[in-house]
Amino acid sequence: MSDTDPELEARLAEADEFEPPEAFVEQANVVDPELYETFEENWPDCWERAAALLDWTEPYDEVLDDSNPPFYEWFTGGSLNASANCLDRHLEARGDEPAIEWVGEPTDEANRTYTYNDLHRRVNEFAAGLRELGVGEDDVVTMYMPMIPELPIAMLACARIGAPHSVVFAGFSADALATRMAAADSEYLVTADGYYRRGDPLDHFAKATEGLAEVPHETTTVVVDRLRERDGFGHDLGAGQYDWETLLTDHAGETVEPVARDAEDMLFLMYTSGTTGEPKGVKHTTGGYLSWVSWTAQAVLDVKPEDTYFCSADIGWITGHSYIVYGPLALGTTSVMYEGTPDYPDRDRLWEIVEDVEATQLYTAPTAIRAFMKWGTEYPDRHDLSSLRLLGTVGEPINPRAWKWYYTHVGDESCPVVDTWWQTETGGTMLTTLPGIGAMKPGAAGPPLPGVDAQVVDAEGEPVDAGEAGYLTLQKPWPGMLRTLYRNDERFVEEYWATYSDTDSDDPDDWVYFPEDGAKVDGDGYVTVLGRVDDVINVSGHRLGTMEIESAIVGVEGVAEAAVVGGAHDVKGEAVYAYVITEDGQTESEAFREEIVAAVEDAIGPIARPERVVFTPELPKTRSGKIMRRLLEDVANDAELGDTSTLRNPDVVEDIRDAVRGDDD
Ligand code: WTA
């Protein structure tokens, strides 16, 4: 829909509430508004509805064991296998239907379609291959792979034999890979020779090799050949390194009995950024997680088996785990995977894919939507997007303007937009409107899902009034929750529970989960999430710990001290601002700036690249020596400065501001 008449545009700009489109409601998976009440009345048994979406090898005895909070256990006594739930049980009815529709970045390369039969076969062969390499139940297998079908195949093969996977985003650096493999004691790596980025083949294997060299134990590696054939990306495999295709051929046609896993057995680990420099290993389980993502994919994303569902996230992050792989495949639908970026070869690539595969849902990030908006309506207008039935966003707050742009120019005002709030730790969506039931309010994620008890509270844990800013809390456990931080129960309690819980109590009512987000709630119970309140910033929907970036910067010779904050950015949401004090004698040159930027890329990856590196003689500090980050954020945002009266060195903030503004000139 292009160039709408100005009157219509004006009406849209003013509207702050949108009813679900009627045609959508008529066919929606979930339409009963009583659901909120019945879930509340039947809590926690309401979650049987989620568990019932799965096939259980052994039925569970109890929905929730809350005898040892916050170490909750769900569906205890039950057992199941995630790969059997995502594959085997669909074969009879949907064996010849596509499970994964893969779109490579090069436009001259045909899509690869894996039917459920195909996927089942590949997963079995790779599971047999992993076993041959020595992978046993509970061995952590790391994946450092681009968006190629071998990634979900490897994940499901691990799930089949009960080996938890730990996927490390391919854009992360060699260092980041090594840290995560070491932290998980992971002896196995699945990686690829490379992938395409904006038309260029990228040598991923070199980065993986560099990372492996830093892992302090022996490793076994399987390498997928993504580029070699096409671009002559030959590489030699060393000792303990195996070629993916050869391994599969060696096990052609073999089947591996899915291992019955206890509901509480670990399905995977996912490392995410926290307040300290050390990433947190979030542990998800087989029964609770799979129930949660299946239920939310069905209720929120309205996934049906006959859909062609497209989530444009990367599987290296939780969104891809939950809503490209596990949720959609557990429901037996077709999940679309795209290797590349949305602007290659042109800015209409996503719309071209939607049109080509006739996608029924699109689930993407506000950052992408803001970029689309900037590029203009001509790109979506080039394509027939009428196959779309529902739109979703995740990862960061979406501003009402971007929401409305998405609703109008992508959804043609006929698709509900679900703004889903959740995090790596929650496993799946927690706050959002149910698209067949609730009115949508652009900017607000929505009410908590049925059975979810979210409250916005003040520093003392008391609920705040409607419209007031406070802290988001989850007052009751849920099946998809993380169970702990890998090998660090103490940090788990400290990070997520200690703030608002009575940690000496064994009464679950005394335990409150704190996601470390600020929020406000309106009179209808709709929650607007305002962003992180810890030292984590959200760049293009990716969580980055400021401490991790700072430690990379202070590692550069010539840097004395550094502070990193997020500054508002019109596309990325937030951008990295680094304030750096140099050592005496170090010149504050452009070359030195570049050295600092390169160090961050090496330690974490290009996503953490500082937008600005500001040299300053001092950092604003309280008398006790704590850096006042809020003030540095004010400077980054060119906002009015907050209270500087508690500073030991109040003048420095103005100096830094002058430096930043001066650089802009
Ligand atoms: C933010 C991504 C506002 C939030 C699934 C959260 C959001 C962090 C939204 C988790 C949303 C995610 N509105 N903020 N709809 N969704 N966030 O772990 O700050 O990568 O805590 O999980 O992203 O990021 P993570």
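Each ligand, and each atom within it, is numbered from 1 in the order the structure gives.
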Atoms in ligand 1 flagged as close to Thr424, the criterion being non-hydrogen separation under 4.0 Å: 18 (O), 20 (O), 22 (O), 25 (P)
Geometric cation-pi criterion, Lys441 with Tyr526: 6.0 Å, 45°: yes
Note: Asp302-Arg389 ion pair, threshold 4.0 Å (strictly below): yes
Atoms in ligand 1 with a heavy atom of Val394 nearer than 4.0 Å: 5 (C)
Close aromatic pair by centroid cut-off 6.0 Å: Phe514 and Tyr496: no
Identity and distance of the protein heavy atom lying nearest atom 19 (O) of ligand 1: Asp517 OD1, 2.7 Å
For Asn538, the ligand 1 atoms whose distance to one of its heavy atoms is below 4.0 Å: 1 (C), 23 (O)
Sub-3.5 Å N/O-N/O distance, Glu425 and ligand 1: no
Trp422 to ligand 1, any heavy atom closer than 4.0 Å: yes
Mode of Thr432 contact toward ligand 1 - side chain, backbone, both, neither (heavy atoms, under 4.0 Å): neither
Polar proximity ligand 1 side, Arg532 side, N/O cut 3.5 Å exclusive: yes
Ile398 and ligand 1 - part of the residue with a heavy-atom distance under 4.0 Å: neither
Nearest option to atom 24 (O) of ligand 1, as decided by whichever heavy atom of Gln423, Arg543, His542 sits closest: Arg543
Test of ring centre spacing under 6.0 Å for Phe268 and His321: yes
From Leu390, Thr420, Val303, residue fulfilling side chain to side chain contact (heavy atoms under 4.5 Å, CB included) relative to Tyr363: Thr420
Interfacing atoms of ligand 1 (cut-off 4.0 Å, heavy-atom, Val529): 3 (C), 14 (N)
Glu548 and Ser273: CA distance, side-chain angles, deciding distance, side chain to side chain contact (heavy atoms under 4.5 Å, CB included) verdict: CA-CA 8 Å; Glu548 282 172 81; Ser273 295; 2.8 Å; yes
Ring centre gap for Tyr72 and Trp511 strictly below 6.0 Å: no
N/O separation below 3.5 Å, Thr420 to ligand 1: yes
Winner among Gly427, Pro397, Gly428, Gly446 once heavy atoms are compared against atom 3 (C) of ligand 1: Pro397
Protein heavy atom at shortest distance from atom 11 (C) of ligand 1: Glu396 O, 3.5 Å
For atom 1 (C) of ligand 1, the protein heavy atom that lies nearest, with its residue and separation: Gly395 O, 3.3 Å
Pair Arg349 + Asp343, salt bridge at N-O below 4.0 Å: no
Ligand 1 atoms in contact with Thr319 (distance to a heavy atom under 4.0 Å): 5 (C)
Pair Glu633 + Arg630, salt bridge at N-O below 4.0 Å: yes
Shortest non-hydrogen contact between Ala603 and Ser173, atoms and distance: O-OG, 2.8 Å
